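In what follows, a structure is listed as structure tokens, so that the remarks can point back to it.
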Amino acid sequence: MEYDAYGALPVLVERPEPDCPEDGVLVAVRASGVCRSDWHAWQGHDPVPLPQVPGHEYAGVVAAVGAAVTTRRVGERVTAPFVCGCGRCAWCAAGDAQVCPDQQQPGFTRPGSFAELVAVPAADLNVVPLPDALDFVTAASLGCRFATSYRALTAHGRVGPGDWVAVHGCGGVGLSAVMIAAALGARVVAVDVSAAALRLAAELGAETVVPGGPAAAARVREVSGGGAHVSLDAVGSAATAVASVRSLRRRGRHVQVGLLLGEHATPPLPMDLVVAQELQLLGSHGMAARDYPAMLELVASGALRPDRLVGAVVALADAGAALAAMSGPASTPGITVVRL
Ligand SMILES: [Zn+2]
Ligand SMILES: [Zn+2]
């Protein structure tokens with residue numbers, strides 16, 4: 001499935017089978033999540049080569065293995081982070097492939113996973129085997145939003161039991177954050193403009209919900225007795241980034257999870273508060289493959305239930321419509337997954 005111009009509905013086309021990279025694998029896609037980053041690229045907010053095949057969170061079966069790959073084999077059930085590190089630079093060597101300067105991203109820098117086959121480069125570094133218990137649809141919901149939230153709360157937020165965590169925006173990434181923060185023992189305040197999204201957030205573990213808008217930050221500070229220890233902007237807008245920072249208590253940590261693009265790229269953050277209250281502002285860009293096993297263990301044990309975030313499962317032929325639906329208000333809360 002591809003689009004040949006920004007905003008043009010993606011259509012099913014016959015494409016030649018992708019070449020298997022020397023250091024990579026071809027994955028026969030079984031499921032692929034529909035993420036707002038795909039929508040941003042399709043809208044032209046984040047320029048990509050055209051025509052482009054969307055899709056960057058996927059799970060499937062290894063169909064071919066490049067000659068230089070030593071750890072993967074045909075037939076393995078796998079997933080991969082949306083950021084694929086190069087496997088050769090200092091950041092990849094340090095385990096931080098999520099910020100690799102030579103990173104590849106299926107669906108953005110190369111053809112993505114709304115397709116029967118997707119090529120994954122540097123497979124020894126980037127490909128993650130799936131536990132048997134994890135089905136493809138659930139696994140496909142992990143690669144971008146769930147993993148990003150997991151890392152935002154653990155590595156960046158350092159969330160502990162009893163901490164107040166505010167989550168601004170309860171789409172796929174925000175609902176993932178609500179569930180994970182609750183599983184970490186945090187007290188979660190969910191913020192969204194949609195009552196349906198807040199209902200789902202409450203079901204997934206939010207202790208308190210707050211309507212989105214100009215009064216949201218003050219309300220979060222009120223219900224948390226002085227502000228959140230950790231607050232996430234899971235939307236990626238100037239207003240929600242500012243609201244997230246203003247939701248914090250002294251020495252709190254803001255984690256920017258939603259992409260800030262175009263007119264939202266430089267939000268007017270209250271740097272006076274950052275200094276006076278020693279706030280920390282942190283950016284989170286996905287999660288490297290090496291950090292997946294700890295998260296997958298929590299999923300396999302049932303402590304985390306990403307399957308509960310899947311709102312709709314659609315066929316590949318309907319993936320374009322699912323992407324286009326993101327232009328309006330969410331009709332089904334949660335994550336939409338394409339099953340092949
Ligand atoms: Zn690298
Ligand atoms: Zn994504």
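Positions are given from 1 along the sequence. For ligands, and for the atoms within them, numbers begin at 1 and follow the listed sequence. Just so it is clear, the structure is predicted and the values come from calculations on it, not from any experiment.
Of all protein N/O/S atoms, those lying under 2.8 Å from the Zn ion (ligand 2) come to 3.
With the Zn ion (ligand 1) at the apex, Cys100 SG and Cys86 SG define an angle of roughly 100° (rounded to 10 degrees).
No side-chain N or O of His168 forms a donor-acceptor pair with one of Thr240 less than 3.5 Å apart.
Identified under the side-chain hydrogen bond (donor to acceptor under 3.5 Å, both in side chains) test for residues 181-196, with sequence neighbours left out: Arg187-Glu207.
Counting only distance, with no hydrogens or angles, the side chain of Arg77 and the backbone of Pro131 share a donor-acceptor pair below 3.5 Å. A donor-acceptor pair under 3.5 Å is absent between the side-chain atoms of Gln98 and the main chain of Gly286, judged by distance alone. Asp124 places no side-chain N or O within donor-acceptor distance of the main-chain N or O of Asp23, the cut-off being under 3.5 Å.
At most 12 non-hydrogen atoms from other residues, nucleotides or ligands lie less than 6.0 angstrom from CG of Asp19.
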